[in-house]
Amino acid sequence: MKIKLKNVFIFILTAFLTSFSGDPVDSVAAAIKSGDSHLLSAYFGSSIDLTLLDHEDVYGKDQAEIMLHDFFVKNPPKTFQVLHKGKSQEGTTFGIPKMGTSNGKNYRISFYVKSADNKLMLQELRIETEWSI
């Protein structure tokens, strides 16, 4: 329970601080970093293009949240760093973070966010195993 409260506090604090900067990448990254699928799902529309390791499809909001919950239970975030972020000419913002987990696995994440009606909408989220060369 303490860990979940800590994650909620970190998310709220980060969301509050990033609301001043208006950076959608930082807002979504904070939700991912928290490892709380419910907080992350606040950015979902009715569906999301989700790639979660070997599963790739367009999922409904509830199903995507359940899949991410299972992933974060098995892979609690330990380290998190946004490597790249930017904006396309069409207005889509993207972020590419790297996440290390408490079980020693590393993941490369990419996501695409669009702002509509003063709300951030996560269009695509990819979580893939990071390969070493």
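What you see is a predicted model, and the numbers here were worked out from it, not measured in a lab. Note that these values count all heavy atoms, side chains included, but never hydrogens, waters or copies made by symmetry.
Looking at every heavy atom in both residues, Met67 comes nearest to Leu52 through O-CD2, 3.5 Å. Phe111 and Leu125 get closest at one heavy-atom pair: CB-CD1, 4.0 Å. The two residues Leu122 and Phe44 come nearest to each other via the heavy atoms CD2-CE2, 3.6 Å. In terms of heavy-atom proximity, Ala29 sits nearest to Val82 at CB-CG2, 3.9 Å.
The hydrophobic cluster containing Tyr112 also includes Phe94, Ile96, under a criterion of side-chain heavy atoms closer than 4.5 Å among ILVMFWY residues, counted directly or through chains of members.
Hydrophobic clustering, with ILVMFWY side chains joined whenever heavy atoms are under 4.5 angstrom apart, groups Ile32 together with Leu53. Hydrophobic cluster membership is shared by Val25 and Phe80, with clusters built from Ile, Leu, Val, Met, Phe, Trp and Tyr side chains linked at under 4.5 angstrom.
In this structure Lys85 satisfies the salt bridge (Lys or Arg N to Asp or Glu O under 4.0 Å) test together with Asp23, Asp26, sequence neighbours excluded. Residues meeting the side chain to side chain contact (heavy atoms under 4.5 Å, CB included) test with Asn103, sequence neighbours left out: Asn75, Thr101, Lys105. Here Pro77 pairs with Phe72, Met99 under the side chain to side chain contact (heavy atoms under 4.5 Å, CB included) rule; sequence neighbours left out. The side-chain hydrogen bond (donor to acceptor under 3.5 Å, both in side chains) check on His38 picks up Glu65, with sequence neighbours excluded. Listed by chain and residue number, Ser88 satisfy the side-chain hydrogen bond (donor to acceptor under 3.5 Å, both in side chains) test with Glu90 (two or more places apart in sequence, or in another chain). Taking Gln123 as the reference, nothing meets the side-chain hydrogen bond (donor to acceptor under 3.5 Å, both in side chains) condition, with sequence neighbours excluded. Take Lys61 and apply the salt bridge (Lys or Arg N to Asp or Glu O under 4.0 Å) test, not counting sequence neighbours, and it matches no residue. Among residues two or more places apart in sequence or in another chain, the side-chain hydrogen bond (donor to acceptor under 3.5 Å, both in side chains) test is passed with Ser37 by none.
With contacts defined as side-chain heavy-atom distances shorter than 4.5 Å, the pair Leu120/Thr93 does not qualify. The side-chain heavy atoms of Tyr43 and Val113, taken from C-beta on, include no pair separated by under 4.5 Å.
Interatomic distance, Ser41 OG to Asp62 CG, rounded to the nearest 0.5 Å: 8.0 Å. Rounded to the nearest 0.5 angstrom, Lys33 NZ and Lys78 NZ are separated by 13.5 Å. Atom-to-atom distance recorded for Lys114:NZ and Lys119:NZ is 15.0 Å, nearest 0.5 angstrom.
Applying the salt bridge (charged side-chain N to carboxylate O under 4.0 Å, His left out) definition to pairs two or more places apart or across chains, those involving residues 92-102 are Lys98-Glu130. Legend: side-chain hydrogen bond (donor to acceptor under 3.5 Å, both in side chains) pairs involving residues 46-58, not counting sequence neighbours, sorted by first then second residue: Thr51-Arg126.
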